[in-house]
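Accompanying notes for the structure given below.
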Amino acid sequence: MTAQPDHTTARADRFARDLAALKIPDPATARNGLWLRAGGALLLVGLVLGVLTFPLTHATDDPLAQRDAIAIGLTGVVCAVVGGAVYLRYSLTGFLRFWLARQSYDLSTLGERTTADEAPREAEREARERIAVDGKEVAPRP
């Protein structure tokens, strides 16, 4: 295995410095982790409530007991949907935050490269125009 070239390491170090300068919070902070675990727990509680209330509704002929079990089952469905949404939101947040930071970094690097490539072309164009204006050389412009 060969060692990484210096420009790759320098680019990674620069990205880490730029990321620190943006002051983007680390997704592994306690609050995001808490919401992620709470969403997962709520999702599981909702699924368990839904599964446990199904036999309760079919085990009795009393309509009052069935309605209570149905209400508990619907509460479980709501908990599962809300827990799933919270879990999905906080699991994608960390990924999308760093994806956006990476995109902005790549776009800024592309802009720097494009501007660096444009500078010699601009100087060349000015030199051609100067030659034509000064009259030192009369030739069709390429």
Side-chain angles (χ1 to χ4, degrees), residues 1-134 136-137 139-142:
M1 183 175 227
T2 61
Q4 287 184 344
D6 289 335
H7 70 297
T8 306
T9 308
R11 184 176 178 204
D13 292 339
R14 183 175 171 204
F15 177 67
R17 281 193 315 267
D18 289 346
L19 201 61
L22 290 175
K23 296 181 183 174
I24 295 175
D26 187 16
T29 58
R31 189 175 313 175
N32 287 346
L34 174 68
W35 281 107
L36 187 66
R37 288 190 301 272
L42 196 59
L43 176 65
L44 290 176
V45 165
L47 290 175
V48 168
L49 278 177
V51 168
L52 290 180
T53 56
F54 181 76
L56 289 176
T57 58
H58 293 290
T60 182
D61 290 333
D62 183 18
L64 295 175
Q66 286 178 343
R67 287 185 203 132
D68 288 342
I70 289 173
I72 294 171
L74 285 175
T75 303
V77 169
V78 169
C79 287
V81 169
V82 169
V86 168
Y87 181 81
L88 186 65
R89 187 252 190 241
Y90 282 98
S91 63
L92 287 177
T93 298
F95 170 74
L96 292 177
R97 178 181 294 131
F98 281 102
W99 175 78
L100 182 63
R102 179 63 189 207
Q103 288 292 350
S104 67
Y105 175 76
D106 284 343
L107 284 175
S108 70
T109 329
L110 178 67
E112 290 171 2
R113 269 190 272 145
T114 304
T115 339
D117 290 345
E118 286 293 321
R121 291 183 193 156
E122 186 68 30
E124 186 179 302
R125 188 176 332 131
E126 287 176 8
R128 272 188 268 139
E129 288 176 2
R130 265 189 261 124
I131 289 172
V133 170
D134 292 342
K136 294 179 183 174
E137 184 177 321
R141 293 184 183 175

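All values reported here derive from a predicted model rather than from experimental measurement. Heavy atoms only: backbone and side chains are in, while hydrogens, waters and symmetry mates are out.
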Next item on the list: Would you check if T60 and L56 make a side-chain contact, meaning some heavy-atom pair closer than 4.5 Å?
Entry: no

Margin query: Rounded to the nearest 0.5 Å, what separates atom OG1 in T75 from atom CD1 in I70?
Written below: 11.5 Å

Item checked: CA sep, side-chain torsions, deciding dist, call: L110, D106, side-chain contact (heavy atoms from CB on, under 4.5 Å) -> CA-CA 6 Å; L110 178 67; D106 284 343; over 6 Å; no

Margin query: Can you tell me how far apart CG (L92) and CG (L36) are? Round to the nearest 0.5 Å.
Written below: 10.0 Å

Margin query: Can you give me the closest heavy-atom contact between T53 and A69, atom names plus distance?
Written below: CB-O, 3.5 Å

Note to self: Would you say that more than 12 heavy atoms from the other residues, nucleotides or ligands in this model lie under 6.0 Å from the CG of D61, or not?
What the structure shows: no

Margin query: Within the supplied structure, the quantity of interest is the number of heavy atoms (other residues, nucleotides, ligands) at a distance under 6.0 Å from Y90 OH; does it exceed 12?
Written below: yes

Checklist line | Considering all heavy atoms, the nearest G46-C79 contact | finding: CA-CB, 3.9 Å

Check: So how far is it from L47 CG to L42 CG, rounded to the nearest 0.5 Å?
Finding: 10.0 Å

Check: What's the spacing between L74 CG and R67 CZ if we round to 0.5 Å?
Finding: 13.5 Å

